[in-house]
Amino acid sequence: MDCHPAKLTVGRDMERAVRHEGATPATIGFLDGVLHIGLSDAELERLANEENVYKVGPRDFATVIAKKPTVGQL
């Protein structure tokens with residue numbers, strides 16, 4: 001897998017900042033059309049390695065769930 005280290009670094013840095021403030025991070029993402037809340041390190045790494053990953057907001061969730069795309073195939 002060809003890692004995109006900047007994406008992974010940003011994700012990990014954001015989670016670290018949340019922990020530093022005393023909270024528990026709950027990074028979310030769609031993997032194969034399923035919403036995951038609180039990504040594992042492996043899931044975060046997968047998102048960093050996928051090509052054509054889309055950023056979606058709450059208004060897009062229904063479309064993603066209905067289409068059940070592989071990450072990045074929305």
Participant: Would you mind writing out the side-chain donor-acceptor pairs for residues 17-28 within the sub-3.5 Å range, not counting sequence neighbours?
Facilitator:
{"from": "T27", "atom 1": "OG1", "to": "E15", "atom 2": "OE2", "distance (Å)": "2.5"}

Participant: What residues form a salt bridge (Lys or Arg N to Asp or Glu O under 4.0 Å) with R12, not counting sequence neighbours?
Facilitator: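 For R12, the residues satisfying salt bridge (Lys or Arg N to Asp or Glu O under 4.0 Å) (neighbours in sequence not counted) are D41, E45.
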Participant: Are the side chains of I65 and T63 in touch, meaning some heavy atoms are under 4.5 Å apart?
Facilitator: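 A side-chain contact under 4.5 Å is absent here.
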Participant: Flag the pair L47 / L8 as yes when at least one side-chain heavy-atom distance between them is below 4.5 Å, and no otherwise.
Facilitator: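 Result no, sub-4.5 Å side-chain heavy-atom pair not found.
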Participant: Taking transitive links into account, so neighbours of neighbours count too, which hydrophobic residues share a cluster with M14 at under 4.5 Å side-chain distance?
Facilitator: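 V10, which link up through side-chain heavy atoms under 4.5 Å apart, make up the rest of the cluster.
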Participant: Search all heavy atoms of H36 against all heavy atoms of V34 and return the closest pair with its distance.
Facilitator: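 That would be CD2-O, 3.0 Å.
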Participant: Return the minimal non-hydrogen interatomic distance between K7 and E50, and the atom names on each side.
Facilitator: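 Closest pair (atom of K7, atom of E50, distance): NZ-O, 4.0 Å.
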